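Worksheet: the structure to be examined is printed underneath.
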Amino acid sequence: MLNKMKIGIVCYPTFGGSGVLATELGLELSRKGHQVHFITYTQPVRLELLNSNVHFHEVNVPNYPLFHYQPYELALSSKLVDMVKAHKIDILHVHYAIPHAYAAYMAKKMLHEEGIKIPIVTTLHGTDITLVGSHPFYKTAVTFSINKSDAVTSVSQSLKEDTQRLFNIQKEIKVIPNFIDIDKYKNNFKHCERDLLAFPNERVITHVSNFRPVKRISDVIEVFYRVQKEVPSKLMMVGEGPERKKAEQLCKTYGIQDKVVFLGNSSEVNKILCYSDLFLLPSKTESFGLAALEAMASAVPVISSNSGGIPEVNIEGVSGFLSPVGHLDDMAHNAVKIIKDQAVLNKFKKAAQEVSTKFDIHKIVPFYEAIYEETLQNSISI
Ligand code: GMT
C-alpha cells in the first residue's frame, strides 16, 4: 500500500507534449489520492478540474526595465521554496530539464538552509536534451542539474541513450514511457461530424504538433500531396507554430488548399482523431511521439519517420510504417498501402489500438509512484 504524498509538479503549461504528460500525470495522481500542486507560469491547458487534491500556483515574473531577459528561474525557485513550506510538499517532480531542474536544485539548496529536505525527480522529455539542452550555452548547467536531481527519468530508451551520449551523466536514468488514458480515446464520437470535413469517399489524414521546424511540416504536406493523387483524401492540420505559414503557402503552390484544413490549436484532438484514418509524423527527431500514441489509441495508424524513440511507439507493419527522415515517396507509398483498401485499413486500425494499450495510464503511473516512494526513502535515510 503506497503512502499518499504531496507532490509538486513543475512543467510548461502549453500545448507541448511534456506539459500534457505532466498535467495528465498530476490529475491521475490526484485521483489516486495524492495531493498535487502544479507550479507554473499559467494554468496548464489540460488542467480543467481543480479539486481538493489539485492545486495550481502561478509563478509571476514582474517586469523591470533593467532586465533584458526576465529572470524566470529566480521567480520559480522562490515560488518553489514558498510552496514547499506553505503546503508541506514532500517531493518535486520537474518536467523538462531547462530551466526546471536548475530552479528546483536552487530551491532545494535554499530549503536545506532551513532544515527542510525536498527530493527532486527530473523527467527528460526530448528537446530539453536533443535540441536545446546540448547547446554549448546551456550544456554545463543542464548536466549539473540532471546530476543533482535525486532521480532522473526519460520518456524512452532512445532519449536515455541520447542523454548519456550528449552529456556526462553520473546518475542512473530510468525509462518510464509516456502514457495516455486509453478510455478517453475509445471512440465515443461515433456520430462525429466527419461529413463536415470530408466526403464519404475521402480518407481523413491528420497531423498534430506545435509546427516547429523539428516536425518537418512541409514533409507532411509533401506526403499528403502524393497520397491524395492516388486516394481521395483531406488533411487536418492541428496546432500552431512557426512553420504554419510556409505550409499554407506550399498547399497553395500545389493547388491543394481546398483539401487541407488548418485547425489551429484544439482542445478536441480526440474528437478530430475519431474520424481520422491515418496520422502523419515525419519528425526530424522525436523522443517519444505522444501525438502518435494518441492517434493509435483512437485506432488511427501512423506513418512516421524512424527517428529517436518513435520506433518504441509505432511498430513497423503493425500500427503503421516507419521510414528514414525525409523519405517522402516511401512514406506516401506506405500511406496509400494502408488507406486504399478498407480491409487493410481496418486491420491496421485494430492493431494500432492494441499496441497503444501497452502505454495505458493505469499501467505507467505506478512506475512514477514507485520512483517517488524510493526517492523519498533514500532522502530520509541520507
Ligand atoms: O514535441 C515537441 O516539440 C514538444 C516537446 C515538449 O517537451 O513538450 O515534446 C517532447 O516531449 C514529448 C512528451 O514527452 C514527446 O512525446 C515528444 O516526442 C518530445 N519532442 C521531441 O523530442 C521533438
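Just follow the structure's listing: the first ligand is 1, and inside any ligand the first atom is 1. Quick caveat, the model's predicted, so the values are computed rather than measured.
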Original post:
Any idea which of Cys11, Ser154, Gly17, Pro213 brings a heavy atom closest to atom 9 (O) of ligand 1?
Top reply: Gly17

Is there a polar contact between ligand 1 and [X], counting only N or O atoms under 3.5 Å apart?
X      : answer
Leu290 : yes
Gly126 : no
Tyr96  : no
His125 : yes

Original post:
Where on Val20 is there a heavy atom closer than 4.0 Å to ligand 1, on the side chain, on the backbone, on both, or on neither?
Top reply: neither

Original post:
Taking the inter-plane angle between the rings of Tyr105 and Phe144 on a 0 to 90° scale, is it parallel (under 30°), tilted (30 to 60°) or perpendicular (over 60°)?
Top reply: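 Perpendicular.
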
Sub-4.0 Å atoms of ligand 1 with respect to non-hydrogen atoms of [X]:
X      : answer
Phe288 : 16 (O), 18 (O)
Val155 : 14 (O)
Thr285 : 23 (C)

**OP:** Answer yes or no: is there a side-chain heavy-atom contact under 4.5 Å between Thr40 and Val59?
**Re:** no

**OP:** Determine, step by step, whether His37 and His57 satisfy the side chain to side chain donor-acceptor pair (under 3.5 Å) criterion, reporting the C-alpha distance in whole Å, the side-chain angles of both residues, the deciding distance to 0.1 Å, and the verdict.
**Re:** CA-CA 7 Å; His37 295 262; His57 311 289; 2.8 Å; yes

**OP:** Would you please say whether a donor-acceptor pair under 3.5 Å links the side chains of Thr143 and Asn168?
**Re:** no

Original post:
In terms of side-chain heavy atoms, does Asn270 have a donor or acceptor partner in Glu294 at a distance below 3.5 Å?
Top reply: no

**OP:** Using a strict cut-off of less than 4.0 Å between a Lys/Arg side-chain nitrogen and an Asp/Glu carboxylate oxygen, indicate whether Lys350 and Glu354 qualify as a salt bridge.
**Re:** yes

Original post:
Out of curiosity, Lys88 NZ to Lys6 NZ, how far, rounded to the nearest 0.5 Å?
Top reply: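 Answer rounded to 0.5 Å: 7.0 Å.
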
Original post:
Lys215 near ligand 1, heavy-atom distance under 4.0 Å?
Top reply: yes

**OP:** Determine, using heavy atoms of Leu21 and all atoms of ligand 1, whether some pair is separated by less than 4.0 Å.
**Re:** no

Original post:
When Ile, Leu, Val, Met, Phe, Trp and Tyr are grouped by side-chain heavy atoms lying under 4.5 Å apart, directly or through other members, which residues fall in the same group as Tyr64?
Top reply: Leu66, Phe67

